[in-house]
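All values below come from the heavy atoms of this structure, side chains included, with hydrogens, waters and symmetry mates left out. On a predicted model such as this, the values are computed, not experimentally measured, just so you know. Positions are given from 1 along the sequence.
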Amino acid sequence: MSLLLPYEKMWDMPLGGTSDEKQVPHWAGNLIWGFLAFVFKICFRYRVDNRESIRGFWHKSGVVVVANHTSFLDVAFMYIVTRPKQWLRFMGRESLFDNAHGLVGQILSRVGAFPVKRDAADRTSIKRAARMLKNDEIVGILPEGTRRGKGTKTPEIHSGAAFVAKMGHAPILPMTVRNAENVKRKGERFRFPKITIEYGDPVLVGDFDFLPKEDRLDGCTWYAMRECFALSLNVPRDEVDMVALFPGGKDFTAVFAEHPVPRHTTAEVVADIEAKAAAKAAKAAKEAEPSAEHEAKPADEVRA
């Protein structure tokens, strides 16, 4: 049992997934999950809808989970409901890891989180996330970057989620933590409303190739975030007013109305991944056959 590890080391160790390499020790993550799941179940009586959307990727594919950010509890609920079967590798703000003289960094790293520099092209974090996805792990990202309504900053969508998904050859899975924003309103006491966590259907980066190259990642992330808000507001996606939610960003509403994006289920996405893997393996085996026959020929001639 490892009581203390450099948390920088844990960022590059697998957690879950299908890698045979040594993993981040599970004991701390299991203890934290057990405690939080017990307390949150009592306080918020939470339930999870459409959990099969994420469970279907287990040991089949990596996936980028995205959500809208309305509360400081969003991350905790995202982590809790992914466990115990799967682990969530959350991409968190770099400054969080140095709090409390590094103690927060140790805890976050134990549960699978890793840092990203805000408002910068953090190549190290992107490569790290892509490697996790290729290991069939789950990477969690909040594309808004900060909680909605916090401070005076205009809400915006960062396209990093789509870029990471593209680099890791993984789908994006929208989700929401509904009603968490009512736990602590400004100027009011803590409340304990019933929380619902809901997963949507996967979004594929390749479905946005019809857009101009410079708009593909932005359009994909915009679409995934609209799915998150549709889940959060419990309305059809076409009724989400993205202009009101992100007044300074590019609006893709008319584009997607004219060119509808295909809908997928997790089962369909996983079946396609398995079919491609089988076809690739069959092709490799077929290409190896002539070589094997060529090597065997001299031996046959000797016996003759």
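- Atom CZ of residue Phe246 and atom CD of residue Glu144 lie 4.0 Å apart, to the nearest 0.5 angstrom.
- Between Thr82 and the choices Val65, Val48, Leu88, the side chain to side chain contact (heavy atoms under 4.5 Å, CB included) rule is met once, by Leu88.
- Summarising the geometry of Asp74 relative to Thr70, their closest heavy-atom pair is OD2-N, 2.7 Å, with the distance given to 0.1 Å.
- Residues Val24 and Ile32 are members of one and the same hydrophobic cluster, defined by side-chain heavy-atom contacts under 4.5 angstrom among Ile, Leu, Val, Met, Phe, Trp and Tyr.
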Would Phe44 and Asn179 satisfy side-chain contact (heavy atoms from CB on, under 4.5 Å), going step by step from the backbone distance to the final call?
CA-CA 10 Å; Phe44 303 110; Asn179 216 22; over 6 Å; no
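- Here the closest non-hydrogen pair linking Lys22 and Pro14 is O-CD, 3.3 Å.
- From Met167, atom CE reaches atom CZ of Arg123 across 9.0 Å, with rounding to the nearest 0.5 Å.
- A donor-acceptor pair is defined here as one N or O able to donate and one able to accept, closer than 3.5 Å; such a pair exists between the side chain of Arg89 and the backbone of Gly112.
- Between Trp222 and Phe256, the ring centre distance stays below 6.0 Å.
- Heavy-atom neighbours of Lys127 NZ from other residues, nucleotides or ligands within 6.0 Å: at or below the threshold of 12.
- Minimum heavy-atom separation, Val205 to Ala165: CG2-CB, 3.8 Å.
- Of the candidates Phe210, Tyr223, Phe208, Phe252, Phe210 is the only one forming a ring-ring contact (aromatic ring centres under 6.0 Å, His included) with His259.
- Arg51 contributes a side-chain N or O that, together with a main-chain N or O of Val81, makes up a donor-acceptor pair within less than 3.5 Å.
- Side-chain atoms of Gln86 never come within 3.5 Å of backbone atoms of Ile138 as a donor-acceptor pair (strictly under, hydrogens ignored).
- To the nearest 0.5 Å, atoms SG (Cys43) and CG (Leu73) are separated by 10.0 Å.
- Judged by distance alone, with hydrogens and angles left aside, the side-chain atoms of Gln106 form a donor-acceptor pair with the main-chain N or O of Leu5 at under 3.5 Å.
- Although no hydrogens or angles enter the test, the distance criterion places a donor-acceptor pair under 3.5 Å between the side chain of Ser109 and the main chain of Gly105.
- Side chain of Asn50 to main chain of Glu198: no donor-acceptor pair is present (N/O by atom type, distance under 3.5 Å, no hydrogens or angles).
- Between the side chains of Asp272 and His264, no donor-acceptor pair of N or O atoms lies under 3.5 Å.
- Closest approach of Ala129 and Val139 over heavy atoms only: O-CG2, 3.9 Å.
- Note: Leu142 CG to Met78 CE = 5.0 Å, rounded to the nearest 0.5 Å.
- Taking the charged nitrogens against the carboxylate oxygens, Arg263 and Glu268 have no contact shorter than 4.0 Å, which rules out a salt bridge.
- A donor-acceptor distance shorter than 3.5 angstrom exists from the side chain of Ser53 to the backbone of Gly200, with no hydrogens or angles considered.
- For the pair Val269 and Ile273, the minimum side-chain heavy-atom distance is below 4.5 Å.
- The side-chain heavy atoms of Asp136 and His59, taken from C-beta on, include no pair separated by under 4.5 Å.
- Judged by distance alone, the side chain of Asp122 and the main-chain N or O of Val116 form no donor-acceptor pair under 3.5 Å.
- Closest approach of Glu94 and Lys117 over heavy atoms only: OE1-CG, 3.4 Å.
- The 12-atom threshold is not exceeded at CD of Glu21, counting heavy atoms of other residues, nucleotides or ligands nearer than 6.0 Å.
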Test Glu137 against Arg131 for side-chain contact (heavy atoms from CB on, under 4.5 Å), laying out the working first.
CA-CA 9 Å; Glu137 297 182 60; Arg131 185 170 61 250; over 6 Å; no
Step-by-step side-chain contact (heavy atoms from CB on, under 4.5 Å) determination, His69 to Arg147
CA-CA 5 Å; His69 199 9; Arg147 296 198 306 272; 3.5 Å; yes
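- Aromatic ring centroids of Tyr79 and Phe90 lie 6.0 Å or more apart.
- Cluster annotation: Leu133 and Leu173 are assigned to the same hydrophobic cluster (Ile/Leu/Val/Met/Phe/Trp/Tyr, side-chain heavy-atom contacts under 4.5 Å, transitive).
- Side-chain contact annotation: Arg178 with Thr176, donor-acceptor N/O pair under 3.5 Å absent.
- Here the closest non-hydrogen pair linking Phe57 and Pro171 is CE2-CG, 3.6 Å.
- Aromatic ring pairs are classed by plane angle as parallel below 30°, tilted from 30° to 60° and perpendicular above 60°; the pair Tyr7 and Phe97 is tilted.
- With rounding to the nearest 0.5 angstrom, the CE atom of Met225 is 12.5 Å from the OG atom of Ser159.
- No donor-acceptor pair closer than 3.5 Å links the side chain of Arg47 to the backbone N or O of Thr196.
- In this structure, Leu245 is not a member of the same hydrophobic cluster as Val243, with clusters built from ILVMFWY side-chain heavy atoms closer than 4.5 Å.
- Within 6.0 Å of the CD atom in Glu214, the count of heavy atoms belonging to other residues, nucleotides or ligands exceeds 12.
- Figure legend: cation-pi geometry between Lys194 and Tyr46 absent, as NZ or CZ is not positioned both under 6.0 Å from the six-membered ring centre and within 45° of its axis.
- Rounding to the nearest 0.5 angstrom, the gap separating the CD1 atom in Ile157 from the OG1 atom in Thr221 is 7.5 Å.
- When atom types are taken as modelled, the side chain of Lys184 and the backbone of Arg191 share no donor-acceptor pair closer than 3.5 angstrom.
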Trace of the side-chain contact (heavy atoms from CB on, under 4.5 Å) decision for Leu217 with Lys166
CA-CA 9 Å; Leu217 296 180; Lys166 182 178 180 180; 4.3 Å; yes
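- Within 6.0 Å of CG on Asp209 lie more than 12 heavy atoms contributed by other residues, nucleotides or ligands.
- By the rule that hydrophobic residues join a cluster once side-chain heavy atoms approach within less than 4.5 Å of another member, Trp87 and Trp58 end up as members of separate clusters.
- Hydrophobic clustering, with ILVMFWY side chains joined whenever heavy atoms are under 4.5 angstrom apart, groups Val63 together with Ile80.
- Partner of Ile172 under the side chain to side chain contact (heavy atoms under 4.5 Å, CB included) criterion, chosen from Cys220, Pro202, Pro143: Cys220.
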